Trainee: 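Please find one structure pasted underneath; my questions will follow.
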Amino acid sequence: GNSVTQMEGPVTLSEEAFLTINCTYTATGYPSLFWYVQYPGEGLQLLLKATKADDKGSNKGFEATYRKETTSFHLEKGSVQVSDSAVYFCALSVNTGNQFYFGTGTSLTVIP
Amino acid sequence: SQTIHQWPATLVQPVGSPLSLECTVEGTSNPNLYWYRQAAGRGLQLLFYSVGIGQISSEVPQNLSASRPQDRQFILSSKKLLLSDSGFYLCAWSVPAGVNYNEQFFGPGTRLTVL
């Protein structure tokens with residue numbers, strides 16, 4: 001079946017620290033992969049995406065590479081800011097179905 | 001451009017009362033529509049999705065129901081709310097399956113508190 005396993009949180013980092021949030025997946029068919037961000041009290045916003053193996057999605061200093069050999073899509077940022085404090089969701093979709101599959105979310109808090 | 005609206009933004013309801021949450025999408029035709037619930041500090045739970053008018057798929061048995069009376073309108077309802085229905089309700093849309101990728105676009109959410 002299709003599923004996403006995401007690194008457990010919460011994660012607390014100091015400003016300018018390096019961030020990695022791990023995400024691995026299982027999929028029937030050929031998935032597209034996504035990272036969403038949810039700020040407090042808001043809906044989810046698409047952060048970045050990758051649609052085929054070895055693609056790198058990037059946005060706002062965040063990046064993730066679609067690794068088919070390890071079925072992973074880890075989120076990274078070189079220097080986090082307080083404004084990056086949010087919940088991050090890894091997700092996949094397959095073009096043979098109509099559903100999205102989300103990880104459980106990882107809460108990130110960045111302290112000054 | 002496409003936009004998605006949800007209302008109300010917040011709602012406080014007594015146990016046993018009815019519920020109606022509305023979601024509308026603008027700027028696209030024949031979208032897939034989704035209702036999710038997010039309990040406090042938890043992940044997303046898919047409740048319903050719809051691939052067309054009058055077509056509803058339920059993912060979790062519960063006292064909630066969904067309807068799609070128009071192409072771009074999706075309604076979440078309950079006849080009698082339970083305490084466990086409290087949460088953050090998110091509506092989302094996507095293009096139909098078959099496109100190379102079908103990312104989902106989320107509304108701002110409705111915070112429901114059942115007392």
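Both backbone and side-chain heavy atoms feed into the values below; hydrogens, waters and symmetry mates do not. In this text the structure is predicted, and so the values were computed from the model without any measurement. In what follows, chains are A, B, ... by sequence order, proteins preceding strands, each numbered from 1.
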Trainee: Give, as side chain, backbone, both or neither, the part of A:Gln38 having an atom under 4.5 angstrom from any heavy atom of chain B.
Mentor: side chain

Trainee: Are the ring centres of B:Phe48 and B:Phe74 closer than 6.0 Å?
Mentor: no

Trainee: Can A:Asp55 and A:Lys49 be counted as an ion pair, charged N to O under 4.0 angstrom?
Mentor: no

Trainee: Tell me which of these, B:Leu44, B:Val51, B:Leu46, B:Leu90, has more heavy-atom pairs under 4.5 Å with chain A than the rest.
Mentor: B:Leu44

Trainee: Return the option, out of B:Pro108, B:Gly109, B:Ala92, B:Cys91, with the maximum number of heavy-atom pairs under 4.5 Å with chain A.
Mentor: B:Pro108

Trainee: Taking the side chain as every heavy atom from C-beta outward, state whether A:Tyr88 and A:Val11 have any pair of such atoms under 4.5 Å apart.
Mentor: no

Trainee: A:Tyr25 and A:Tyr101: aromatic ring centres closer than 6.0 Å?
Mentor: no

Trainee: Need one label for B:Gln38: side chain, backbone, both or neither, based on atoms under 4.5 Å from any heavy atom in chain A.
Mentor: side chain

Trainee: Report which part of A:Leu46 has an atom under 4.5 Å of a heavy atom belonging to chain B: side chain, backbone, both, or neither.
Mentor: side chain

Trainee: Given the side-chain rings of A:Phe100 and B:Tyr34, with only the six-membered ring counted for Trp, is the space between their centroids under 6.0 Å?
Mentor: no

